[in-house]
Amino acid sequence: MFRTTADWLHEHLWNTLLKKIFTCTLAALLAVGAYALVSKLNEDADNCADGVTESGGECIGINGSGYDFGEPEIAPVAARIAEENRRIDEQPHVTVAMMLPLQPDSKAERRQLRSELQGAFLAQYRLNREPGKPAVRLVLANPGKDYARQGEVVPDLVRMARSDRDNLRAVTGFNLSLDETKEAVRSLTEQQVPVLVARASASTLANQESKDGTYDFKGLARIIPTNEEQARALADYNGSRKDRQTVLVRDTRPDPYVRSLARAFQGLPEDGPAGPDDMTFTSPGVADPGDVDNQFRPTVNTICNSGADTVYFAGRSTHLRLFLKRLAKEACEDRKFTVVSGSDAASLNNRMTDEDWAELRDSSGKPRLTVQYAAPAHPDSWSTEIGKWQQGVEDRTGKKPPESKAPGYLRDPLAELSRLERTITALKSAGREIGDVQLGDSRTMMVHDGVRTAVEAIRGAKPTGAAVPSAEQVGNRWATMQSKNRVDGTSGRICLTKAGNPYDKPLAVVALKPGTKEGPGTLDFIGLAWPTGEPQPEDCVVRGG
């Protein structure tokens with residue numbers, strides 16, 4: 001007779017006490033195993049990589065083992081960082097974190113990110129092959145789009161700063177001036193984690209100089225002049241303009257970079273009768289064009305009838321691109337405008353298409369307008385300025401001096417830039433791919449100098465006999481980095497005040513040139529501008545007042 005399945009199960013799994021114990025134990029083990037498997041699958045689903053977890057559709061966290069955050073554009077340089085980290089892992093080392101959004105939306109932003117990470121790796125690579133200890137481990141910290149999830153990353157960075165294994169001693173990067181960026185900087189510095197701002201130029205991310213040593217962000221340094229310093233340097237370079245000649249176009253979106261840039265332009269000294277009132281627009285976000293182009297139609301028409309010939313633009317490069325196209329398209333009869341903006345305009349080149357460039361040229365190939373901004377760096381600065389210096393001496397004396405006699409504030413950055421360029425060439429020759437390196441937008445140069453400055457502070461703060469300094473010692477070191485303790489960066493000599501600000505650091509005045517032929521235009525260096533109106537002193541000693 002056929003037995004039922006129930007009879008078979010009862011006979012083999014349940015009809016004795018021993019079988020009951022075995023069956024219950026087996027069931028319990030299977031349940032635990034299933035729970036563990038499901039938990040592991042869920043955990044793997046939430047984890048993007050080691051130290052990085054999915055949060056709100058982004059991969060948020062810290063990684064130094066080569067994870068590219070799903071961005072093929074940065075995969076080669078992320079791999080090189082991981083290789084270098086493995087190479088120095090058994091040596092006494094410190095960790096430096098690059099904190100910046102690592103999953104950008106647009107192609108232009110991805111190119112910019114690649115440039116920034118290239119600068120960080122090139123600094124790490126060079127520093128680990130030069131005299132000086134400890135070695136440098138580099139990690140990438142993603143705070144999410146617009147730093148919105150920085151609160152999920154900062155606690156991990158603080159733990160790394162307190163870990164004897166990680167020895168995190170500086171957090172740098174910070175490429176956007178946003179309220180969320182400020183929150184991250186404040187939280188880190190309040191917990192004694194040293195911070196160095198390399199790219200964000202808003203004055204809200206800078207300490208005000210203080211007689212009594214009281215600062216908003218104790219342990220903060222920066223190597224980029226603020227928007228106010230950029231505006232003053234541009235005004236000094238160009239000479240004063242009459243009020244009636246100028247008009248300010250500004251974004252009303254609450255953005256620290258835009259706000260401080262607008263205040264800087266509004267504060268420029270101008271003489272004569274009042275010119276046009278400010279023209280405003282409202283953008284939806286840093287990289288979101290929204291309907292801004294439509295908002296610019298009446299603005300441009302008003303400017304054309306205003307009598308102004310200089311437009312100060314306080315907005316992001318995403319919207320500056322649209323404004324330039326609209327101004328060129330609606331250009332007034334026989335009028336040539338100069339548009340002046342801040343350091344974010346260095347990103348403009350990455351956003352322009354061949355069609356965009358063509359719109360900025362008239363039918364004869366001549367530019368419809370002039371675009372000028374103060375870049376924090378440009379690779380042609382030093383050789384061009386040394387050439388100008390040599391010509392000036394020759395005009396006065398009849399004899400051309402050698403390059404070696406040029407002022408140190410020109411020679412030293414040129415030498416440092418040359419060493420960086422040789423490193424790029426050597427890596428390429430060795431097949432160690434990091435992607436195409438383009439120095440013209442200043443990002444690679446500035447981030448390189450930021451990492452270098454942070455590590456020079458770490459090494460300079462290390463007590464005799466100690467493997468690494470404390471985080472507090474590094475934060476205190478910023479105030480001493482002037483004169484012979486300065487850093488010779490590719491972007492200029494970096495001499496820091498007691499508040500951690502760059503002292504009279506030069507800016508590259510750059511012009512956007514549409515060119516006369518089809519294809520992309522160029523960002524051409526015009527000259528150096530100085531926030532104080534005078535070049536840095538040769539001794540790089542910070543003067544009082």
Side-chain angles (χ1 to χ4, degrees), residues 63-85 87-88 96-104 106-130 136-142 170-176 196-200 223-224 343 346-347 349-351 375-381 413 416-455 487 489-491 508 523:
N63 182 275
S65 59
Y67 180 54
D68 63 10
F69 290 82
E71 299 293 343
E73 190 89 15
I74 67 169
V77 68
R80 300 292 83 74
I81 290 171
E83 288 175 1
E84 187 65 14
N85 288 346
R87 191 184 72 83
I88 58 94
V96 174
M98 281 291 298
M99 188 176 187
L100 68 174
L102 293 167
Q103 294 179 298
S106 70
K107 183 178 179 181
E109 291 173 298
R110 288 190 286 272
R111 283 199 298 262
Q112 291 164 193
L113 174 62
R114 181 187 68 189
S115 292
E116 289 164 340
L117 296 187
Q118 286 170 335
F121 167 71
L122 288 165
Q124 178 197 28
Y125 182 87
R126 293 185 58 208
L127 287 159
N128 283 343
R129 285 157 181 78
E130 295 175 356
V136 185
R137 174 174 173 255
L138 199 62
V139 296
L140 310 183
N142 185 23
V171 182
T172 185
F174 300 104
N175 58 352
L176 289 172
L196 186 140
V197 172
R199 287 282 314 169
I223 64 167
I224 183 173
S343 57
S347 305
N349 198 35
N350 288 327
R351 300 185 182 281
H378 193 282
D380 295 339
S381 298
E416 180 66 11
L417 178 62
S418 298
R419 286 189 284 267
L420 175 64
E421 290 173 334
R422 288 196 296 271
T423 300
I424 294 169
T425 300
L427 284 167
K428 188 173 183 178
S429 298
R432 302 193 67 187
E433 182 61 43
I434 61 172
D436 183 32
V437 180
Q438 299 177 0
L439 300 179
D441 70 354
S442 78
R443 291 177 181 271
T444 300
M445 295 170 66
M446 289 299 294
V447 175
H448 167 275
D449 289 358
V451 172
R452 188 169 193 87
T453 301
V455 175
V487 175
T490 63
S491 60
L523 300 176

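In what follows, residues are counted from 1 in the order of the sequence shown.
In this structure, the side chain to side chain contact (heavy atoms under 4.5 Å, CB included) partners of Ala508, at least two apart in sequence or on a different chain, are Ala375, His378, Ser381, Val510, Phe525. For Ala377, the side chain to side chain contact (heavy atoms under 4.5 Å, CB included) criterion is met by Ser442, Met445, Met446, Ser491, not counting sequence neighbours. Partners of Asn128 according to the side-chain hydrogen bond (donor to acceptor under 3.5 Å, both in side chains) rule, which considers only residues two or more places apart in sequence or in another chain, are Glu84. Partners of Ser65 according to the side-chain hydrogen bond (donor to acceptor under 3.5 Å, both in side chains) rule, which considers only residues two or more places apart in sequence or in another chain, are Asn63. Residues satisfying the side-chain hydrogen bond (donor to acceptor under 3.5 Å, both in side chains) criterion with Glu116, sequence neighbours excluded, are Asn175, Arg443. In this structure Arg419 satisfies the salt bridge (charged side-chain N to carboxylate O under 4.0 Å, His left out) test together with Glu416, sequence neighbours excluded. With sequence neighbours left out, the side-chain hydrogen bond (donor to acceptor under 3.5 Å, both in side chains) criterion links Asp380 to no other residue.
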Q: Decide side-chain contact (heavy atoms from CB on, under 4.5 Å) for Thr490 and Leu439; before the verdict, give the C-alpha distance in whole Å, the side-chain angles of both, and the deciding distance to 0.1 Å.
A: CA-CA 10 Å; Thr490 63; Leu439 300 179; over 6 Å; no

Q. Should Met98 and Val447 be marked as a side-chain contact (heavy atoms from CB on, under 4.5 Å) after you check the CA-CA gap, both sets of side-chain angles, and the distance that decides it?
A. CA-CA 9 Å; Met98 281 291 298; Val447 175; 3.6 Å; yes

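Phe174 places none of its side-chain heavy atoms less than 4.5 Å from the side chain of Arg199. Inter-residue side-chain proximity for Val136 and Ile88 is flagged as unmet; no heavy-atom pair is nearer than 4.5 Å. By the 4.5 Å heavy-atom criterion applied to side chains, Arg351 and Gln112 are counted as neighbours. Counting heavy atoms from C-beta outward, Thr172 and Thr453 have side chains that stay 4.5 Å or more apart. In this structure the side chain of Val96 never reaches within 4.5 angstrom of the side chain of Leu196, judged on heavy atoms. You'll find the side chain of His448 reaches within 4.5 Å of the side chain of Arg126, heavy atoms only. Residues Asn349 and Asp441 have side chains not in contact (no heavy-atom distance under 4.5 Å, counting atoms from C-beta outward).
Within the structure, side-chain hydrogen bond (donor to acceptor under 3.5 Å, both in side chains) pairs that include any residue of residues 67-81 comprise Glu73-Arg114, Arg80-Glu83 (at least two apart or interchain).
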When the side chains of residues 424-431 are checked against the rest of the protein, which donor-acceptor pairs come out under 3.5 Å, sequence neighbours left out?
from	atom 1	to	atom 2	distance (Å)
Thr425	OG1	Glu421	O	3.1
Ser429	OG	Thr425	O	3.0

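The line from CG of Leu127 to CD of Glu130 is 5.5 Å long, rounded to the nearest 0.5 Å. A distance of 9.0 Å separates CE of Met99 from CG of Asn142, quoted to the nearest 0.5 Å. In this structure, Ile81 CD1 and Leu140 CG are separated by 5.0 Å, a value rounded to the nearest 0.5 Å. Between atom CG of residue Leu113 and atom CG of residue Asn350 there is a gap of 11.5 Å, rounded to the nearest 0.5 Å. The structure places CD1 of Ile74 at 13.0 Å from CD1 of Ile434, a figure rounded to the nearest 0.5 Å.
Between Gln118 and Gly435, the closest heavy-atom pair is NE2-O, 3.2 Å. In this structure, Leu138 and Phe121 approach most closely via the heavy-atom pair CD2-N, 4.0 Å. Between Asn85 and Gly64 the shortest heavy-atom distance is ND2-O, 2.8 Å.
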